[in-house]
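Single-structure report; data block below.
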Amino acid sequence: MQRSMLADCSILLLAGGRGQRMGGQDKGLVEWHGKPLIAWPHRIVRPLTDDLLISCNRNHQRYAAFADRVVSDAEPDFPGPLAGIRAGLAAARHRWLLVLPCDAPLIDGALPAALHAAARAESNVPVMVRRGEQWEPLFCVIPVSLASAVEEAWRAGERSNRKILMTLRSRALELDEHDPRLANLNSPELLSEQTPPD
C-alpha cells in the first residue's frame, strides 16, 4: 500500500511507561535488532503526519530525534498511558489524535490508515481496535475536540483509557483475533521470540 500523509491527524507514540517488564529500562529505547524499539513504529508513522508526538517521562533528548515534539505527563510516578494521551490531546495540532504504543514494532502503514479512515467515517467519536472480544485501547484515534471530556473523566478519578473511550461511544475497528501487527513486545522474552518485519 502506498503510504500518504493522513490529513488532519496528529500521531502520538506512547513511550512514557515505567518499563516494569523490562526491568525498569526505558522501553522505547531498548534495542531490538539493532534499533531502539521506538524506531520501528517511527519508520511507519513518520511519513504519515507533520505532527508526530512522543509521550515520554525520561530521556527526552533521545526521543526528540524521533518526533516533532515530545510531551510528558503532568503527574509524577508514571500514572499510566492515559496521562500521556491527555498530554498528547493538549498538544495535538490537528483534528484527530492517533495513538500507538512504542512496543508494537510490527505495525504497518495500513493499520494507522484504517484507524484514520474509520475515525473520519464516524465523525466525532473515538475509534479503538478490537480483536474478537478484546479491546486494544492503546491503538485508537480520538477527536481532539473530546480533550475536555477526557480531562473531566481524569479529574473524576478515571485512569482507564478503555473505559473513557467506551463512555465517549467509541466505535470498533475490527481486526483478526491473531493479527500479528498488534503484538505487544513489552518484555525481553517476547522481544527475543519475535522477528522483525521486512
Side-chain angles (χ1 to χ4, degrees), residues 1 3 5-17 27 41 44-45 48-49 51-56 71 73-75 78-186:
M1 164 181 168
R3 281 182 279 158
M5 189 172 287
L6 304 183
D8 297 331
C9 193
S10 300
I11 296 178
L12 174 69
L13 297 178
L14 291 170
K27 187 164 48 177
I44 297 299
V45 301
L48 302 182
T49 184
D51 191 30
L52 176 55
L53 309 171
I54 292 178
S55 165
C56 61
V71 297
D73 303 344
E75 314 287 326
F78 303 97
L82 183 58
I85 291 169
R86 285 171 64 224
L89 285 167
R93 292 197 293 105
H94 292 308
R95 178 184 176 192
W96 305 99
L97 181 69
L98 192 151
V99 179
L100 297 166
C102 72
D103 54 359
L106 304 184
I107 65 165
D108 61 7
L111 179 56
L115 274 166
H116 179 247
R120 295 187 78 191
E122 293 291 351
S123 189
N124 202 41
V125 297
V127 174
M128 186 174 16
V129 164
R130 185 171 67 190
R131 45 177 171 174
E133 297 300 309
Q134 178 73 35
W135 290 92
E136 299 288 350
L138 301 187
F139 296 83
C140 65
V141 182
I142 306 170
V144 172
S145 61
L146 296 178
S148 59
V150 172
E151 194 62 28
E152 190 177 326
W154 174 274
R155 287 201 199 110
E158 184 56 72
R159 296 296 180 264
S160 166
N161 185 44
R162 183 185 64 80
K163 287 181 183 174
I164 288 179
L165 293 184
M166 296 302 288
T167 300
L168 295 173
R169 299 179 297 116
S170 183
R171 299 291 189 263
L173 174 64
E174 302 280 1
L175 296 180
D176 184 81
E177 202 166 345
H178 305 292
D179 192 320
R181 298 174 297 176
L182 304 180
N184 191 227
L185 306 186
N186 58 14

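Worth knowing before you read on, the calculation uses all heavy atoms, side chains too, and leaves out hydrogens, waters and symmetry mates.
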Show the nearest heavy-atom pair for residues [X] and [Y], with the distance to one decimal.
{"X": "Val144", "Y": "Ala92", "answer": "CG2-CB, 3.8 Å"}
{"X": "Cys9", "Y": "Leu98", "answer": "SG-CB, 3.7 Å"}
{"X": "Met128", "Y": "Pro137", "answer": "SD-CA, 3.4 Å"}

How long is the span from the [atom1] atom in [X] to the [atom2] atom in [Y], to the nearest 0.5 Å?
{"X": "Leu168", "Y": "Lys163", "atom1": "CG", "atom2": "NZ", "result": "14.5 Å"}
{"X": "Leu111", "Y": "Leu175", "atom1": "CG", "atom2": "CG", "result": "6.5 Å"}
{"X": "Ser160", "Y": "Met166", "atom1": "OG", "atom2": "CE", "result": "10.0 Å"}
{"X": "Ile85", "Y": "Cys140", "atom1": "CD1", "atom2": "SG", "result": "5.0 Å"}
{"X": "Leu115", "Y": "Phe139", "atom1": "CG", "atom2": "CZ", "result": "9.0 Å"}

Next item on the list: With sequence neighbours excluded, tell me which residues meet salt bridge (Lys or Arg N to Asp or Glu O under 4.0 Å) with Asp8.
Entry: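 Partners of Asp8 under the salt bridge (Lys or Arg N to Asp or Glu O under 4.0 Å) test: none.
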Note to self: I'd like to check the salt bridge (Lys or Arg N to Asp or Glu O under 4.0 Å) partners of Arg131; sequence neighbours left out, ordered by chain and number.
What the structure shows: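 In terms of salt bridge (Lys or Arg N to Asp or Glu O under 4.0 Å), with neighbours along the sequence ignored, Arg131 is linked to Glu136.
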Between the side chain of [X] and the main-chain N/O of [Y], is any donor-acceptor distance below 3.5 Å?
{"X": "Arg181", "Y": "Asp108", "value": "no"}
{"X": "Ser55", "Y": "Ala15", "value": "no"}
{"X": "Asn161", "Y": "Ile164", "value": "no"}

Side chain proximity check, [X] to [Y], heavy atoms < 4.5 angstrom:
{"X": "Leu48", "Y": "Ile11", "value": "yes"}
{"X": "Leu173", "Y": "Val127", "value": "yes"}
{"X": "Val141", "Y": "Leu97", "value": "no"}
{"X": "Cys102", "Y": "Leu14", "value": "no"}

Checklist line | Stepwise side chain to side chain contact (heavy atoms under 4.5 Å, CB included) test for Leu100 and Val45 | finding: CA-CA 10 Å; Leu100 297 166; Val45 301; 3.7 Å; yes
According to side chain to side chain contact (heavy atoms under 4.5 Å, CB included), who are the partners of [X], at least two apart in sequence or on a separate chain?
{"X": "Pro41", "answer": "Leu13, Ile107"}
{"X": "Ala172", "answer": "Arg130, Trp135, Glu174"}
{"X": "Arg169", "answer": "Val125, Arg171"}
{"X": "Ala147", "answer": "Leu89"}

Next item on the list: Test Leu53 against Leu12 for side chain to side chain contact (heavy atoms under 4.5 Å, CB included), laying out the working first.
Entry: CA-CA 5 Å; Leu53 309 171; Leu12 174 69; 3.8 Å; yes
Checklist line | Listed once per pair and sorted, the side-chain hydrogen bond (donor to acceptor under 3.5 Å, both in side chains) pairs that draw on residues 137-151, sequence neighbours left out | finding: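 Checked against side-chain hydrogen bond (donor to acceptor under 3.5 Å, both in side chains) - neighbours excluded - the pairs reaching residues 137-151 are Arg86-Glu151, Asn124-Ser145.
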Checklist line | Contact list for residues 88-102, test side-chain hydrogen bond (donor to acceptor under 3.5 Å, both in side chains), sequence neighbours left out | finding: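 Found Asp50-His94.
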Item checked: CD (Glu158) with more than 12 external heavy atoms under 6.0 Å ->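 Counting neighbours around CD of Glu158, more than 12 heavy atoms of other residues, nucleotides or ligands fall under 6.0 Å, so yes.
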Next item on the list: Applying side chain to side chain donor-acceptor pair (under 3.5 Å), name anything that partners Ser10, two or more places apart in sequence or on another chain.
Entry: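 So Ser10 forms a side chain to side chain donor-acceptor pair (under 3.5 Å) with Asp51.
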